[in-house]
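These values consider heavy atoms only, across backbone and side chains, with no hydrogens, waters or symmetry-generated copies.
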2 protein chains.
Amino acid sequence: MAVTLKELGRLAGVHPSTVARVINDDPHQRVSEELRQRILALADEHGYQPNRLARSLRTKRSNVIGALIPDISNPFFALMFRGIEDALAERDYSVILANTDDDSARGERGITMLRERQVDGLILATARRHDRAVQQLIAEHFPVVLLNRHTDPIPPNAVVPADYTGSMTAVEYLIGLGHQRIAHIAGSDEMSTGHTRRQGYRDALERHRIPFDPDLLVGGSFRDQGGYEAMQQLLTLSIPPTAVFAVNDLAAAGAMRAANEAGMVIPHDLSVIGFNDLSTVAQTTPRLTTLHLPVHAMGVKAAERLLAQLLGERGFVEPAILPVTLYVRDSTGPAPAPRE
Amino acid sequence: MAVTLKELGRLAGVHPSTVARVINDDPHQRVSEELRQRILALADEHGYQPNRLARSLRTKRSNVIGALIPDISNPFFALMFRGIEDALAERDYSVILANTDDDSARGERGITMLRERQVDGLILATARRHDRAVQQLIAEHFPVVLLNRHTDPIPPNAVVPADYTGSMTAVEYLIGLGHQRIAHIAGSDEMSTGHTRRQGYRDALERHRIPFDPDLLVGGSFRDQGGYEAMQQLLTLSIPPTAVFAVNDLAAAGAMRAANEAGMVIPHDLSVIGFNDLSTVAQTTPRLTTLHLPVHAMGVKAAERLLAQLLGERGFVEPAILPVTLYVRDSTGPAPAPRE
DNA sequence: ATCTTGAGCGCAATCGTTCGTGCTAAGTGA
DNA sequence: TCACTTAGCACGAACGATTGCGCTCAAGAT
């Protein structure tokens with residue numbers, strides 16, 4: 001079925017290389033217009049499709065990039081990945097995706113697998129703050145972009161959200177509403193997102209002279225169930241919080257679910273604020289107040305930065321920090337009057 | 001950096017082919033144990049990584065499959081895709097994903113691109129009921145599995161949900177609750193899912209002698225916004241429905257949002273039922289009654305069927321129809337007493 | 001009439017692997 | 001001792017494309 005250049009050459013009575021030149025319309029070498037048309041017609045007639053593997057073997061460029069994603073079934077990463085694919089597809093690149101479930105062994109296997117497949121570069125959304133494998137990659141000067149999470153200290157090839165100012169904004173907003181007992185449902189401290197948002201939370205409290213209460217710092221997961229359990233834990237406190245800032249929308253949704261089940265009314269009894277603004281998740285009732293992040297655009301930017309590296313442009317000097325903006329909706333409100 | 005077989009051969013003083021045999025530990029040919037160890041050590045020392053492109057070129061098997069997905073940022077497809085990747089990864093296959101946004105031109109470009117990259121097979125979650133490109137592929141005997149949606153008539157290589165019995169179950173459940181004015185927020189009729197669920201809806205009504213009212217059949221999109229607008233349209237009716245069966249959870253969530261905004265209380269004023277049971281979507285308040293579908297397992301099964309084809313097993317005679325089960329939660333209730 | 005020039009194409013090496021075939025030496029049986 | 005097997009490896013042709021180089025021949029220059 002699949003015709004090759006060689007066969008086309010035989011059919012046209014010319015050397016395969018000549019066919020190659022017309023297919024790729026080689027700018028340097030020239031082929032007579034008549035022959036050119038004849039070959040084009042022949043290629044069309046036989047439905048010639050170039051074998052990209054062979055081409056890549058020869059040119060040493062696969063036009064494929066690898067993406068390491070914690071879990072594509074997480075809508076956050078799905079949307080981000082969509083951004084990656086959109087940006088790559090229109091430039092004739094393809095993506096191979098591997099899920100890691102935040103398991104470093106799976107991550108490393110993913111990296112070797114992708115390199116064996118000769119990907120031109122990697123986009124890693126899986127980096128831990130101290131990630132040997134990733135640091136190794138960077139040291140080798142292998143083309144890499146760190147997406148969403150970065151290693152410490154933040155390298156220039158990172159594309160991440162403004163975690164610190166974002167969580168600072170969220171907490172200060174809650175303080176402005178009169179809240180004093182503000183909890184944080186945190187993400188894993190091994191990831192820059194979890195770590196930095198936690199840091200922003202603490203610094204915001206400190207700036208406003210609100211003493212830090214370790215009981216109000218709970219969690220350690222980025223998922224719905226984690227938020228649910230963390231909220232349950234918060235509700236057992238003798239003085240429960242009046243507001244909670246969750247590390248992301250998923251955890252926020254889980255927290256709202258737990259609060260609802262405990263008979264609390266949001267935002268009357270409890271204010272909840274999330275992070276990311278995922279459309280499928282933030283449309284809870286009441287609608288979630290959250291920090292909006294251009295998730296799709298982040299994916300796009302990561303892909304573009306990677307492609308820029310591949311085109312040999314000198315590496316970026318600074319990481320891309322994407323702005324987050326507070327979207328006030330219905331899950332937050334003034335602090336309830338203290339009981340007497 | 002990257003060492004090749006040839007270089008390893010030179011270093012070990014043997015022919016590259018010998019190195020190849022020990023790397024792939026060729027079962028037929030034999031290499032002396034001592035040489036074998038020496039080569040293995042050398043490969044390890046230089047961090048040899050096989051070039052999979054070269055291998056594929058030679059063996060004519062890329063161990064890559066292509067997946068055509070309408071939109072990976074849709075949590076339904078994301079979860080399904082996760083199933084695909086899980087099943088493939090553990091068998092040393094990788095996936096290249098392309099989004100089509102249900103645009104047939106993009107679909108066809110996707111197919112050619114994937115074939116140029118020499119994928120061993122394709123999983124298509126994008127098939128329309130009358131899809132020339134897909135039918136062409138099947139006619140060519142190119143290894144293909146149709147996932148979620150199938151062409152008409154349903155081919156043996158399809159892995160799809162029990163759309164008909166599912167929607168029949170949903171509507172009969174609503175009828176059992178006393179509902180008579182039951183609306184359907186439908187999906188596109190070009191897709192088997194939209195078409196078949198619509199058919200089940202109509203047949204269920206007919207079986208129970210409920211006259212079909214064209215005003216109650218609305219929509220045509222699978223997305224949240226579509227459900228929202230369809231519900232708004234239903235609310236303008238002089239006699240609005242007391243129950244709505246949505247083609248999927250996303251549309252159901254949109255419908256609930258519209259109903260809420262119109263001041264209706266679910267399930268008291270309106271019952272809503274979805275399809276798919278997506279964890280991130282179905283956790284609305286009230287929790288969505290829906291038809292549960294083993295979405296992840298569907299992806300897994302599609303991948304397994306494709307691999308079975310690749311291993312030359314005789315094609316399946318029958319399509320895989322995955323069972324759906326009604327999960328009754330809080331968004332459905334008895335029909336409100338007719339006003340007097 | 002000879003030289004130059006360049007258009008138009010062919011040649012062959014190469015990318016990194018795989019694998020059928022063939023060669024050599026040591027071991028076996030009669 | 002002599003064919004004969006077999007273990008252990010080398011050889012080289014693929015796979016399908018790319019690309020620098022070189023060849024040929026007609027047209028223009030001198």
Side-chain angles (χ1 to χ4, degrees), chain A residues 1-40 42-43 46-64 92 112-113 115-120, chain B residues 1-40 42-43 46-64 92 112-113 115-120:
Chain A
M1 184 57 225
V3 211
T4 72
L5 283 187
K6 195 189 299 181
E7 292 180 73
L8 283 184
R10 199 172 42 73
L11 292 171
V14 300
H15 195 271
S17 65
T18 303
V19 185
R21 294 193 217 276
V22 9
I23 296 292
N24 310 338
D25 51 19
D26 188 324
H28 201 65
Q29 305 285 342
R30 321 193 7 176
V31 177
S32 73
E33 189 54 25
E34 176 250 334
L35 178 55
R36 186 183 147 70
Q37 293 303 336
R38 199 153 54 86
I39 291 182
L40 247 30
L42 221 54
H46 292 78
Y48 171 71
Q49 297 190 201
N51 183 324
R52 296 241 199 175
L53 294 191
R55 173 181 300 172
S56 298
L57 177 60
R58 180 60 224 253
T59 61
K60 297 188 167 310
R61 295 182 62 252
S62 63
N63 272 35
V64 174
D92 197 34
T112 29
M113 186 272 286
R115 295 189 66 173
E116 288 183 1
R117 292 198 185 282
Q118 310 299 120
V119 296
D120 291 338
Chain B
M1 184 57 224
V3 211
T4 71
L5 283 186
K6 196 189 298 182
E7 291 181 73
L8 283 185
R10 200 173 40 75
L11 291 171
V14 301
H15 195 270
S17 64
T18 302
V19 185
R21 296 196 213 274
V22 9
I23 297 290
N24 310 338
D25 51 19
D26 188 324
H28 200 65
Q29 306 284 342
R30 317 183 21 165
V31 177
S32 72
E33 189 54 26
E34 175 250 333
L35 178 54
R36 185 184 148 71
Q37 292 302 336
R38 199 153 53 87
I39 291 182
L40 247 29
L42 220 54
H46 291 79
Y48 171 72
Q49 298 190 204
N51 183 325
R52 295 242 200 174
L53 294 191
R55 174 181 300 174
S56 299
L57 179 60
R58 178 60 226 246
T59 61
K60 299 188 165 308
R61 294 183 62 252
S62 62
N63 272 35
V64 175
D92 196 35
T112 26
M113 184 272 286
R115 295 190 66 173
E116 288 184 0
R117 293 198 186 281
Q118 312 299 119
V119 296
D120 291 339

Which nucleotide in the list [options] gets nearest to the side chain of [X]?
X       : options                : value
B:Asn51 : C:dG10, C:dT17, C:dC19 : C:dT17
B:Arg58 : C:dG20, D:dA14, D:dT19 : D:dA14
A:Leu57 : D:dG20, C:dT17, C:dC15 : C:dC15
A:Thr18 : C:dT17, D:dA17, C:dG10 : C:dG10

A:Glu7: which residues meet the salt bridge (Lys or Arg N to Asp or Glu O under 4.0 Å) condition with it, sequence neighbours left out?
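Testing A:Glu7 for salt bridge (Lys or Arg N to Asp or Glu O under 4.0 Å), a comparison that skips the adjacent residues, returns none.
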Interatomic distance, [X] [atom1] vs [N] [atom2] [rounded to whole Å]:
X        : N      : atom1 : atom2 : answer
A:Ile23  : D:dT19 : CD1   : P     : 14 Å
B:Arg52  : C:dG16 : CZ    : P     : 17 Å
A:Arg21  : C:dG8  : CZ    : P     : 13 Å
B:Lys60  : D:dG16 : NZ    : C1'   : 8 Å
A:Asp25  : D:dA17 : CG    : C1'   : 16 Å
B:Glu116 : D:dA17 : CD    : C1'   : 13 Å
B:Arg36  : D:dA7  : CZ    : P     : 16 Å
A:Asp26  : D:dT18 : CG    : P     : 10 Å

Under 3.5 Å donor-acceptor, B:Asp92 side chain and B:Asn63 backbone:
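No.
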Quick check against the 3.5 Å criterion: does B:Arg52 have a side-chain atom that pairs as donor or acceptor with the backbone of A:Met113?
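Looks like no, no N/O pair under 3.5 Å.
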Taking all non-hydrogen atoms of both residues into account, name the closest pair between A:Leu35 and A:Val31 and its distance.
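Closest pair (atom of A:Leu35, atom of A:Val31, distance): CD2-CG1, 3.8 Å.
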How many angstroms lie between atom CZ of B:Arg55 and atom CZ of A:Arg117, to the nearest 0.5 angstrom?
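B:Arg55 atom CZ to A:Arg117 atom CZ measures 9.5 Å (nearest 0.5 Å).
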Would you compute the distance between atom CG of B:Leu53 and atom CD of A:Glu116 and round it to the nearest 0.5 angstrom?
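Taking CG in B:Leu53 and CD in A:Glu116, the distance rounds to 10.5 Å.
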Extract from the structure each pairing of a protein N or O with an N or O of nucleotides 23-26 of chain C at less than 3.5 Å, listing the distance.
none

Could you tell me whether the phosphate oxygens of [N], OP1 or OP2, come under 4.0 Å of any side-chain nitrogen or oxygen in [X]?
X       : N      : value
A:Ser32 : C:dC9  : yes
B:Asn24 : C:dT18 : yes
B:Tyr48 : C:dT17 : yes
A:Arg55 : D:dT18 : yes

Does [X] reach the side chain of [Y], with side-chain heavy atoms less than 4.5 Å apart?
X       : Y       : result
B:Leu40 : B:Val22 : yes
B:Leu5  : B:Tyr48 : yes
B:His46 : B:Leu11 : yes
A:Arg21 : A:Val14 : no

What is the nucleic acid contact for B:Leu35, judged by heavy atoms within less than 4.0 Å: base, sugar-phosphate only, or nothing?
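Answer is sugar-phosphate: B:Leu35 comes under 4.0 Å of backbone atoms only.
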Answer with base, sugar-phosphate or nothing: what part of the nucleic acid does B:Gln49 contact at a heavy-atom distance below 4.0 Å?
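The residue B:Gln49 makes sugar-phosphate contact but no base contact.
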If you find the nucleotide of DNA chain D closest to A:Thr59 and the one closest to B:Glu33, which residue's nucleotide is nearer the 5' end?
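First, find each residue's nearest nucleotide; the 5'-ward one identifies B:Glu33.
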Between residues 6-17 of chain A and DNA chain C, which residues have a heavy-atom gap below 4.0 Å?
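Hits under 4.0 Å, by residue number: A:Gly13, A:Val14, A:His15, A:Ser17.
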